[in-house]
2 protein chains.
Amino acid sequence: MSKPLLPLLDDCVPTPRPVMPDERAADLARAFKAIGDPARLKLLSMITGDPRGEACVCDLTDAFTLTGPTISHHLKVLREAGLITGERRASWVYYRPVPEALARLTEVLAPMTVAAA
Amino acid sequence: MSKPLLPLLDDCVPTPRPVMPDERAADLARAFKAIGDPARLKLLSMITGDPRGEACVCDLTDAFTLTGPTISHHLKVLREAGLITGERRASWVYYRPVPEALARLTEVLAPMTVAAA
DNA sequence: CATCGATTTAGACATCTGTCAAGATAGGCG
DNA sequence: CGCCTATCTTGACAGATGTCTAAATCGATG
């Protein structure tokens, strides 16, 4: 829990680097948490991977054994995390990715990956 | 929930592309879920960002208002997600990133980001 | 305008999660 | 051997989460 005020051993010396600010950590964690569910990750991959640039809920729902309301719930979580936006056109609702939000996640993860390698 | 067998309207046509397999989605979601918590994201950023390539629990704990056991719990979650490994040396435990695991996450996220742009 | 189909909202319920206090474990040191 | 410090494990508990059914909404269409 606490380290010696003066590093008597050359183990366990402090790490005086800029730490990820709490606010940023909370913000990013919200987004990562949103994709931290198999259904939502699959939904996001279907939405981002759709060649039309958007995906219809009717198509999404068919790819799961989950009920409609449950899919709707997961889409709402992704929406509230700022990762996708939804729009109603005619009888159907279409979802499309929010590129900036996804970019933010990649921009956090990539440096970690590089630093770790 | 269901789409017409033959696309009578040119809206809501099926998306016949390879969908992320459930097993892969579950596996990746586990890892994303692990970093879907502010404390754990901050921990991971401290561990991956440490110039020594590893971080001592004693340093990590000091950066939080959380208790020791809670930090330990979060480190365990990251460990069980395969994102970090821990090793005991002398009195202290050191954690280091698992590059392959982080790379897997980036490799999923980056294409989504690009496709969405 | 009455109805129908697609989607979301509301409510309920079991399970999972984050947190802490208290006890266990594991090396180093006297 | 027995204490001390650092870390982890256990047990408990409030709160969040995933899922469903039933009901509401919202366009389209007859």
Side-chain angles (χ1 to χ4, degrees), chain A residues 1-5 7-14 22 25-26 29-30 32-43 47 54-62 64-81 84-95, chain B residues 1-5 7-14 22 25-26 29-30 32-43 47 54-62 64-81 84-95:
Chain A
M1 184 95 84
S2 61
K3 53 187 176 298
L5 293 177
L8 302 174
L9 302 163
D10 56 356
D11 271 342
C12 205
V13 295
D22 285 356
R30 235 187 310 274
F32 281 122
K33 186 177 188 176
I35 56 178
D37 174 280
R40 290 196 293 264
L41 185 56
K42 201 168 145 188
L43 283 170
I47 294 169
E54 64 184 6
C56 172
V57 175
C58 65
D59 289 337
L60 297 173
T61 306
D62 289 349
F64 296 84
T65 57
L66 300 170
T67 65
T70 299
I71 298 293
S72 184
H73 161 69
H74 286 309
L75 288 170
K76 183 179 182 182
V77 172
L78 288 171
R79 198 165 2 105
E80 287 178 342
I84 61 175
T85 61
E87 180 200 359
R88 181 170 205 122
R89 287 207 307 277
S91 292
W92 292 281
V93 177
Y94 295 82
Y95 281 96
Chain B
M1 180 91 90
S2 61
K3 53 185 174 298
L5 293 177
L8 302 174
L9 302 164
D10 56 356
D11 271 342
C12 204
V13 298
D22 286 356
R30 236 187 309 276
F32 281 122
K33 187 176 186 176
I35 56 179
D37 176 279
R40 290 196 292 266
L41 184 57
K42 199 167 146 188
L43 283 170
I47 295 170
E54 63 184 7
C56 171
V57 175
C58 63
D59 288 336
L60 298 174
T61 306
D62 288 348
F64 296 84
T65 56
L66 300 170
T67 65
T70 299
I71 297 293
S72 184
H73 161 68
H74 287 308
L75 288 170
K76 183 179 181 180
V77 172
L78 288 172
R79 200 168 356 108
E80 287 177 342
I84 60 175
T85 59
E87 181 199 359
R88 179 170 206 122
R89 288 206 308 275
S91 291
W92 291 281
V93 178
Y94 294 82
Y95 283 96

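Labels below follow one simple rule: chain letters A, B, ... track the order of the sequence lines, proteins then strands, and each chain is numbered from 1.
Contact annotation for His74(B): backbone-only contact, meaning every heavy-atom pair under 4.0 Å involves sugar-phosphate atoms and none involves a base. Tyr95(A) comes within 4.0 angstrom of sugar-phosphate atoms only, judged by non-hydrogen atoms across all strands, and of no base. In this structure, Arg40(B) reaches the sugar-phosphate backbone alone: every heavy-atom distance under 4.0 Å involves primed, P, OP1 or OP2 atoms, never a base.
With a 6.0 Å cutoff to the six-membered ring centre and a 45° limit on the axis angle, Arg88(B) does not count as a cation-pi contact of Tyr94(B).
Checking side-chain atoms of Thr61(A) against main-chain N and O of Val57(A) turns up a donor-acceptor pair under 3.5 Å. Side-chain N or O atoms of Arg79(B) include none that pairs as donor or acceptor with a backbone N or O of Ile84(B) at under 3.5 Å. Without hydrogens or angle criteria, Ser72(A) side chain to Gly68(A) main chain gives no donor-acceptor distance under 3.5 Å.
Taking the side chain as every heavy atom from C-beta outward, Tyr95(A) and Leu43(A) never approach each other to under 4.5 Å.
Distances shown here put a side-chain N or O of Lys33(A) below 4.0 Å from the OP1 or OP2 atom of dT17(D).
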(request) Test Leu75(B) against Val93(B) for side chain to side chain contact (heavy atoms under 4.5 Å, CB included), laying out the working first. (result) CA-CA 11 Å; Leu75(B) 288 170; Val93(B) 178; over 6 Å; no
(message) Could you walk me through whether Asp22(A) and Lys42(B) satisfy the salt bridge (charged side-chain N to carboxylate O under 4.0 Å, His left out) test, starting with their C-alpha distance in whole Å, then the side-chain angles of each, then the deciding distance to 0.1 Å, before giving a yes or no?
(response) CA-CA 8 Å; Asp22(A) 285 356; Lys42(B) 199 167 146 188; 2.6 Å; yes
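Ranked by how close their nearest DNA chain D nucleotide is to the 5' end, Thr70(A) and Arg79(B) are led by Arg79(B).
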Can you give me the N/O atom pairs linking the protein to nucleotides 23-28 of chain C at distances under 3.5 Å, or say none if there are none?
none

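Glu80(B) has its CD atom 14 Å from the P atom of dC16(C), to the nearest Å. Rounded to a whole Å, the NE2 atom of His73(A) is 8 Å from the P atom of dT17(D).
With dT8(C), dT9(C), dG18(D) as the choices, the nucleotide that has an atom nearest any side-chain atom of Lys76(A) turns out to be dT9(C). Residue Asp37(B) has its side chain nearest to dG18(C) when only dG18(C), dT9(D), dT17(C) are considered. Nearest nucleotide to the side chain of Ser72(A), out of dT21(D), dT19(C), dT8(C): dT8(C).
Rounded to 10°, the helix from dC1(C)-dG30(D) to dG30(C)-dC1(D) has 10° between the axis fitted to its first five pairs and the one fitted to its last five.
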